[in-house]
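Some notes on the structure that comes next.
Predicted, not measured: the structure shown is a model, and the values here were computed from it.
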Amino acid sequence: MSIILTKPEYICRKRNALFVCSREKIDDYKSCLGNKCKRCKGSCCKRYPCTLSPRELLIKDLEYMKNILNTGVLAIAPVVAPGFYSKEPEYYVIRPRSITDPDTIVVGYPREYPNPCILLGKNGCVLDPLYRPTTGLLFVPPKNPKKKCTQYYDEEMMYKDWAPHQEVVKELMEIYKDVRIPKPEANEETAKIYSLALRGECQKETK
Ligand code: SF4
C-alpha cells in the first residue's frame, strides 16, 4: 500500500527538497511562496511548464506514481542533457502538461516554445504555492522588479536529480505510452485533486 503524507509531513519533505535543489542556498522557503508570481501572472508559465524534482515525489513507489499520473495533471517529457544542444542525449523528467501536449501523458518530443502550462489560470498558477513544482518555486523574483528571476533549480541540478531515476521513469513510460488521459482544467478542483495526490491520497477519496 502506498504511503500517505499528512500536510505537515508533505511541507517538511518539500522544504527539504527546496533546500537541496537550490544547492542549500535557500533555507527559508517563504521567499519562494509570496504573491510575486501572481503579480506577473506567469510569464514564464506561458512559455513552458516548470519541472518537478523527484525529491518532491515518492518516486520509487509505483502505486503512488500511478495515482499521481492518473490525475492527468503531469506529463513525462524529454529534456536535452546540459552541455548538449542537439536532440541527443535526452533524459526524461516529470512536469505539468502543456496546452500543446498530446492526449497521452507520455510526450515524445523535446521542448517547443511557446507551450503554456495547463495549470495557468487567469490570475497565475492555480496551485497553492507549496504544491507548485520545484523549478517554479525556485524561480525566485529579484527585489528589483526590473531584474530577471534567479533560477536556482537549474539545468545542471535538474539533470543530477533526475539521472538516477531514469529506470523508474522509463517503467512508467512503458505503462502509460498508449493511455489517453484528458487534460484537466485550470481550476480549484484540479488543484485540490493534484495536491492530495502529491500527498499520496487516492483520487477517489478526494471526491
Ligand atoms: S505549475 Fe504553476 S508555476 Fe509551474 S508552470 Fe504551471 S502555472 Fe506556472
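Judged by distance alone, with hydrogens and angles left aside, the side-chain atoms of Asp128 form no donor-acceptor pair with the main-chain N or O of Tyr131 at under 3.5 Å. Side-chain atoms of Trp162 do not come within 3.5 Å of backbone N or O of Met157 as any donor-acceptor pair. Tyr176 contributes no side-chain N or O that, together with a main-chain N or O of Glu171, makes up a donor-acceptor pair within less than 3.5 Å. In terms of modelled atom types and a separation under 3.5 Å, the side chain of Arg97 and the main chain of Gly72 share a donor-acceptor contact. Without hydrogens or angle criteria, Ser22 side chain to Leu18 main chain gives a donor-acceptor distance under 3.5 Å. The backbone N or O of Arg55 lies less than 3.5 Å from a partner atom in the side chain of Arg13, making a donor-acceptor pair. Here the side chain of Asp161 pairs no donor or acceptor atom with the backbone of Cys21 at under 3.5 angstrom. Using a distance-only test at 3.5 Å, with no hydrogens or angles considered, a donor-acceptor pair links the side chain of Thr135 to the main chain of Thr51.
Distance check, rounded to the nearest 0.5 Å: NZ of Lys14 to CZ of Arg132 gives 10.0 Å. Atom CD1 of Ile175 and atom CD1 of Ile76 lie 8.5 Å apart (nearest 0.5 Å). A distance of 3.5 Å separates CD of Glu9 from OG1 of Thr6, quoted to the nearest 0.5 Å. In this structure, Glu56 CD and Asn16 CG are separated by 12.5 Å, a value rounded to the nearest 0.5 Å. Rounding to the nearest 0.5 Å places SG of Cys44 at 12.5 Å from NZ of Lys148. For the atom pair NZ of Lys170 and OH of Tyr92, the computed distance is 6.5 Å after rounding to the nearest 0.5 Å.
Enclosure of atom CD in Glu185 is not indicated, since only 12 or fewer non-hydrogen atoms of other residues, nucleotides or ligands lie within 6.0 angstrom.
Results of the side-chain contact (heavy atoms from CB on, under 4.5 Å) test with Ser98 over Ile118, Asn115, Leu120 single out Asn115 as the only residue that passes. Exactly one residue among Ile105, Leu119, Ile181, Ile68 makes a side-chain contact (heavy atoms from CB on, under 4.5 Å) with Val73. That residue is Leu119.
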Ile4 vs Glu201, side chain to side chain contact (heavy atoms under 4.5 Å, CB included): CA-CA, chis, key distance, verdict | CA-CA 6 Å; Ile4 296 178; Glu201 298 263 11; 3.9 Å; yes
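Of the charged side-chain nitrogens involved, none lies within less than 4.0 Å of a carboxylate oxygen, so that Asp61 and Lys66 do not count as a salt-bridged pair. Taking a cutoff of 4.0 Å between a charged side-chain nitrogen and a carboxylate oxygen, Asp154 and Arg23 qualify as a salt bridge.
Here Tyr91 and Tyr159 bring their ring centres to under 6.0 angstrom of each other.
Two residues are said to be in side-chain contact when any heavy atoms from C-beta on lie closer than 4.5 Å; Val93 and Pro78 fail this criterion. Taking 4.5 Å as the limit, some side-chain heavy atom of Leu69 sits within range of a side-chain heavy atom of Leu172. Under the 4.5 Å side-chain criterion, counting only non-hydrogen atoms from C-beta, Tyr48 is not in contact with Cys117. Considering only heavy atoms from C-beta on, Tyr64 comes within 4.5 Å of Leu198 through its side chain. For the pair Cys125/Cys45, no side-chain contact is recorded, criterion being any heavy-atom separation below 4.5 Å from C-beta on. Looking only at side-chain heavy atoms (C-beta outward), Thr150 and Phe139 stay at 4.5 Å or farther from each other. No side-chain heavy atom of Asp178 sits under 4.5 Å from any side-chain heavy atom of Thr104. Residues Tyr152 and Leu137 form no side-chain contact, since every pair of their non-hydrogen atoms from C-beta on lies 4.5 Å or further apart.
Closest approach of Ser53 and Thr134 over heavy atoms only: CB-OG1, 3.6 Å.
A search for side-chain contact (heavy atoms from CB on, under 4.5 Å) contacts involving Glu188 returns nothing, not counting sequence neighbours. In this view, Lys60 and His165 satisfy the side-chain contact (heavy atoms from CB on, under 4.5 Å) rule, not counting sequence neighbours.
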